[in-house]
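Please read through the structure below; I'll follow up with questions.
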Amino acid sequence: MSIPLAPHPLTPSSLSTTEDVRLGSPLLRRQFVFYTNWRKGRRGRGASCGISCSAEARTVVIGLAADSGCGKSTFMRRLTSVFGGAAEPPRGGNPESNTLLSDTTTVICLDDYHLLDREGRKEEGVTALDPRANNFDLMYEQVKALKAGVAVEKPIYNHVTGLLDPPELILPPNLLFIEGLHPMFDPRVRDLLDFSIYLDISDEVKFAWKTQRDVEERGHSLESIQASIEARKPDFDAYVDPQKQYADVVIEVLPTQLIPGDNERKVLRVRMVMKEGVKYFNPVYLFDEGSSVSWIPCGRKLSCSYPGIKFFYGPDTYFSHEVSALEMDGQFDRLDELMYVESHLNNLSTKYYGEATEQMLKHGDFPGSNNGTGLFQTIIGLKIRELYECIVAEKSVTPLEAAKVF
Amino acid sequence: MASSSSLSLSSLPLPSSSGLRSRSHRDPVAAIVSIPASRWWQGRRGSAVAVAASAARKKYKGTVMREEKLAGMIERKVEEAKAACEGEEGKGSDGCKVAWDEVEEVSQAMAHLRRRLAESDRDPLESFCQDNPETDECRVYED
């Protein structure tokens, strides 16, 4: 699959560095391998992008930011599934690898760019949330290299031992997802992102989710779960939370407003805040773009069980950006509710009627499949697909065109 | 809650099935009707259920070792964190927040392992052990 061809326009000297990467273990030299044209070029359809010339496939980079244990992996599985196939850990190699691979996508966990391992962080007195614990220079160089079609040797952070393991080879994929605490923290990395998402979980929901995750574990109690959240909050608020102003989409997960005094947090209110003016990203809307719409689909045509479903759509400002917000409160009980809702949403970037519902069904056992988290994550997957197809359809003339092989 | 009978697609306001072209090989219409509505979304199962299910998936000693190690680490690190945050000096100190961050890290690693065990039929070490059958980790686990 890998065929060294004529060097990439970005010459080797501009990409390789003379300094060796220090990984907290013996010095390791990065090896660059040049890949061109081996990836299947996706011919853009052109219709939704307004561009008809097909060109070189390149790596599209998507960033996803969220606190650990906040459903990011579910999100990632939904996103990668839109592109076909399940993203799985690499076969062979380090079994503690955090990377996921599918035919067209690669998911990199940004914990791999920890500068300090667990012992190191303890000595320095910094949490993993602190930028000082992370190697943004390496993150930038490697994401830049992958985006340019160059493979990298990426470190592996072993979450079991808390050590930095020897690196693994990452080939440039069609679609690269980088997920973690700081995908948008460093401005250079931010500039490399073609699209970015921030998953913003409110404190009440975070507590409910972490309780669900941990309460059966030996040693944990409600108090310890709460203490852990509170102890990490200052660093989280200082270093992770501010990234949401840079995101193209923010998915807010909030307590429901439909059930007075609800503590269970099973029914959720989910708000998708979509930045206006992002290239190749057309926000989803209800009924009339740019207006404010409040919609309760349950009624004569559709009967829902308690507490029902409530939608809201409207323009807004978010950190002084123009945005459109689509909000869903409540949960789906039946397939036809989902279909009904899909048929009333616009700009979903589906390729056929019922595709969003079908995607939701594919992963009916994932958490959030019956509420806005699953629905909006699925929709974001479809939007990313459209964005990806538009980007690769962009008219571009590069020296690689002349060197086209296979 | 979810209805118990399967929904036929003909009862829904859809165009003819020829409009639903799957991007993969399978026919999406068949895929949708073949999933009984009651099983459509099962929500998040408690980790207790996942533990029971995962017992069947553990094939290699290495996986069992990892699970036990993480469980022990969670317990230990919660104790360490409580100790680090004790008193006026401990509370709000760097040591306190780092300790709870470690608790979060191992809790997340444990949840990740449990999910991998619950979701797949293969032991997470399967491909590693195919290449390295002689290592201690790859001894088949006997309950």
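Only this structure's heavy atoms are used, side chains among them; waters, hydrogens and symmetry mates stay out. None of the values given here were measured: they were computed from a predicted structure. So that the names make sense, note that chain A is the first sequence line, chain B the second, and so on, each numbered from 1.
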In terms of heavy-atom pairs under 4.5 Å with chain B, the winner among A:Pro90, A:Gly92, A:Ala227, A:Gly93 is A:Ala227

Assess, by modelled atom type and distance only, whether the side chains of B:Glu104 and A:Ser68 contain a donor and an acceptor separated by less than 3.5 Å.
yes

Here the gap from B:Ser107 atom OG to A:Glu217 atom CD, rounded to the nearest 0.5 Å, amounts to 7.0 Å

Q. Are any of the side-chain heavy atoms of B:Gln108 and A:Arg213 separated by less than 4.5 Å?
A. yes

**Message:** Surrounding CD of B:Glu134 (heavy atoms of other residues, nucleotides or ligands, distance under 6.0 Å), is the total greater than 12?
**Reply:** yes

Honestly, the part of A:Pro234 sitting under 4.5 Å from a heavy atom of chain B is neither

Compile the donor-acceptor pairs under 3.5 Å between side chains in residues 118-127 of chain A and protein atoms, sequence neighbours left out, one pair per line.
unit_1: A:Arg118; atom_1: NE; unit_2: B:Glu105; atom_2: OE1; d: 3.2
unit_1: A:Arg118; atom_1: NH2; unit_2: A:His159; atom_2: O; d: 2.6
unit_1: A:Arg118; atom_1: NH2; unit_2: B:Glu105; atom_2: OE2; d: 3.2
unit_1: A:Arg121; atom_1: NH1; unit_2: A:Leu116; atom_2: O; d: 3.1
unit_1: A:Arg121; atom_1: NH1; unit_2: A:Tyr157; atom_2: OH; d: 3.4
unit_1: A:Arg121; atom_1: NH2; unit_2: A:Tyr157; atom_2: OH; d: 3.0
unit_1: A:Arg121; atom_1: NH2; unit_2: B:Glu105; atom_2: OE1; d: 2.9
unit_1: A:Thr127; atom_1: OG1; unit_2: A:Leu129; atom_2: N; d: 3.3
unit_1: A:Thr127; atom_1: OG1; unit_2: A:Asp235; atom_2: OD2; d: 2.6

Exercise. In terms of side-chain heavy atoms, does A:Ser73 have a donor or acceptor partner in B:His112 at a distance below 3.5 Å?
Worked result: no

d(A:Ile229 CD1, B:Trp100 CH2) to nearest 0.5 Å is 10.5 Å

Counting heavy-atom pairs under 4.5 angstrom with chain B, the leader among A:Gly374, A:Gly162, A:Ser228, A:Ala231 is A:Ser228

For A:Pro95 and B:Phe128, the nearest pair of non-hydrogen atoms, with its separation, is CD-CD1, 3.7 Å

Okay, B:Val98 and chain A: the region with an atom under 4.5 Å from a heavy atom over there is both

Throw together a table of side-chain donor-acceptor distances under 3.5 angstrom for residues 68-85 of chain B, partners on residues two or more places apart or in other chains.
unit_1: B:Glu75; atom_1: OE1; unit_2: A:Arg218; atom_2: NE; d: 3.0
unit_1: B:Glu75; atom_1: OE1; unit_2: A:Arg218; atom_2: NH2; d: 3.3
unit_1: B:Lys77; atom_1: NZ; unit_2: B:Glu102; atom_2: OE1; d: 2.7

